[in-house]
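To keep things clear, I will list the structure first and then write my remarks on it.
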Amino acid sequence: MIRFPADVVSRLRSFYEGRSVCVTGGAGFIGGHLVDTLHSLGASVCVIDDLSSSTLDHLGELLAMEPERVRFVQGSILDDDAVRDAVRGTAVVFHLAAIGSVPRSIEDPERTWQVNATGTLRVLQSARAHGAERVVFAASSSAYGDSPTLPKVETQVPAPRSPYAASKLAGEHLISAWSHSYGLSGVSLRYFNVFGPRQPADSAYAAVVPAFVKRIASGEPLTMHGDGSQSRDFTYVANAVLATLLAGSARLRTSGEVVNVGTARRTTVRELATMIGERCGRPSFPITETPPRPGDVQHSLASLDRAKELIGYTPVVSLEEGLTETVSWYAGASTRRT
């Protein structure tokens with residue numbers, strides 16, 4: 001369970017307690033942590049997820065424990081009936097459902113576009129039809145592309161380098177267009193490399209942190225795409241959830257603004273591997289370098305000025321704390337499996 005400072009919890013509870021919300025992709029990694037926190041704040045939550053890249057293993061506990069406050073709709077955001085069922089009666093829609101992998105988008109760009117772009121349109125149409133107050137969209141820092149300018153500021157011209165990035169950028173434009181055309185309050189959060197407990201480690205499309213933890217902990221050679229000098233703003237999931245909740249509860253009329261969600265700290269992939277190795281008790285480990293992947297960018301770092309000004313966001317968990325929590329969770333998960 002994500003833990004926030006007491007004053008933050010009090011502020012969020014005053015908004016979410018007793019309020020009905022919808023989380024698309026709520027059985028997934030970030031979505032699952034968001035649902036947990038919304039439930040702990042007293043909200044009633046409807047989750048829609050097609051379970052194509054997730055399971056009900058975690059969400060099932062909440063469904064069994066409090067079915068009157070947690071409801072699940074199994075379906076795609078491309079299914080209008082399923083989306084209507086999930087969104088109806090909710091005040092805030094957190095739209096996280098997506099195909100969330102650059103390599104997968106390069107292999108299947110059409111499906112990526114359908115889910116990430118057309119799916120967002122359908123969520124917006126349903127939110128508008130049912131009188132939702134706000135839509136919070138999970139956008140991506142990949143929209144910035146490979147511009148050498150750091151930190152990344154929301155006013156920079158986007159330069160997507162992959163079908164995934166292009167589809168997420170299209171979602172941002174849809175949020176803005178529906179805000180201006182129909183008065184639907186919306187905000188797009190550009191997440192920067194979110195990691196944490198329960199992030200899938202076994203997929204061919206696994207993100208770098210779970211992939212590194214799995215390989216280092218098991219003594220397997222670490223696969224590093226490129227020489228490891230590429231850098232990222234690695235963002236612990238608690239920070240992403242906090243920003244998402246703040247965006248949903250901000251007491252202002254958002255009209256499609258784009259907001260960075262990161263930590264304003266840059267770490268190279270090789271530095272990240274060293275930090276994970278220390279926490280796994282393996283300070284040295286074999287590394288296999290492979291060519292950089294198509295669509296990957298070299299450097300990424302978030303400016304948080306707009307996030308602080310618009311939604312009051314500052315990160316609450318450091319990279320070191322987040323990695324310690326994450327490695328500990330994977331170690332516990334390995335023990336539970338055995």
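Classification of R279 and E320 as a salt-bridged pair fails, no side-chain N sitting under 4.0 Å from a carboxylate O. A salt bridge between E271 and R232 is absent, with no side-chain N of the basic residue lying under 4.0 Å from a carboxylate O of the acidic one. Salt-bridge formation is detected for the pair R71/D85: a Lys NZ or Arg NE/NH1/NH2 atom is positioned less than 4.0 Å from an Asp or Glu carboxylate oxygen.
No side-chain heavy atom of V269 sits less than 4.5 Å from a side-chain heavy atom of D227. The side-chain heavy atoms of L56 and L59, taken from C-beta on, include a pair separated by under 4.5 Å. By the 4.5 Å heavy-atom criterion applied to side chains, T314 and L304 are not counted as neighbours. Using a 4.5 Å heavy-atom threshold, the side chains of P163 and I106 count as touching.
With F234 as the aromatic partner, R265 does not meet the cation-pi criteria of under 6.0 angstrom to the ring centre and within 45 degrees of the ring axis.
Closest approach of G26 to V47, counting heavy atoms only: CA-CG1, 3.5 Å. Residues A132 and L184 share a closest heavy-atom pair of O-CD1, 3.5 Å. Taking every heavy atom of both residues into account, S101 and R104 meet most closely at OG-N, 3.1 Å. Heavy-atom minimum distance, G42 versus R13: N-NH1, 4.1 Å. Nearest approach of K152 to S300, heavy atoms of both residues: CE-CA, 4.5 Å. Contact between V153 and S303 at its shortest, heavy atoms only, is CG2-CB, 3.9 Å.
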Evaluation steps, salt bridge (Lys or Arg N to Asp or Glu O under 4.0 Å), between D36 and R198
CA-CA 13 Å; D36 282 349; R198 303 205 306 254; 3.2 Å; yes

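Linking Ile, Leu, Val, Met, Phe, Trp and Tyr whenever their side-chain heavy atoms come within less than 4.5 Å puts L189 and V35 in one cluster.
The main-chain N or O of H58 is never found under 3.5 Å from a side-chain atom of E61 such that the two would form a donor-acceptor pair.
Here F137 pairs with H95 under the ring pair (Phe, Tyr, Trp, His ring centres under 6.0 Å) rule; sequence neighbours left out. Judged as a side-chain hydrogen bond (donor to acceptor under 3.5 Å, both in side chains), and not counting sequence neighbours, the contacts of D81 are R84.
When each of N239, T37, L34 is checked for a side-chain contact (heavy atoms from CB on, under 4.5 Å) with I2, only T37 meets the rule.
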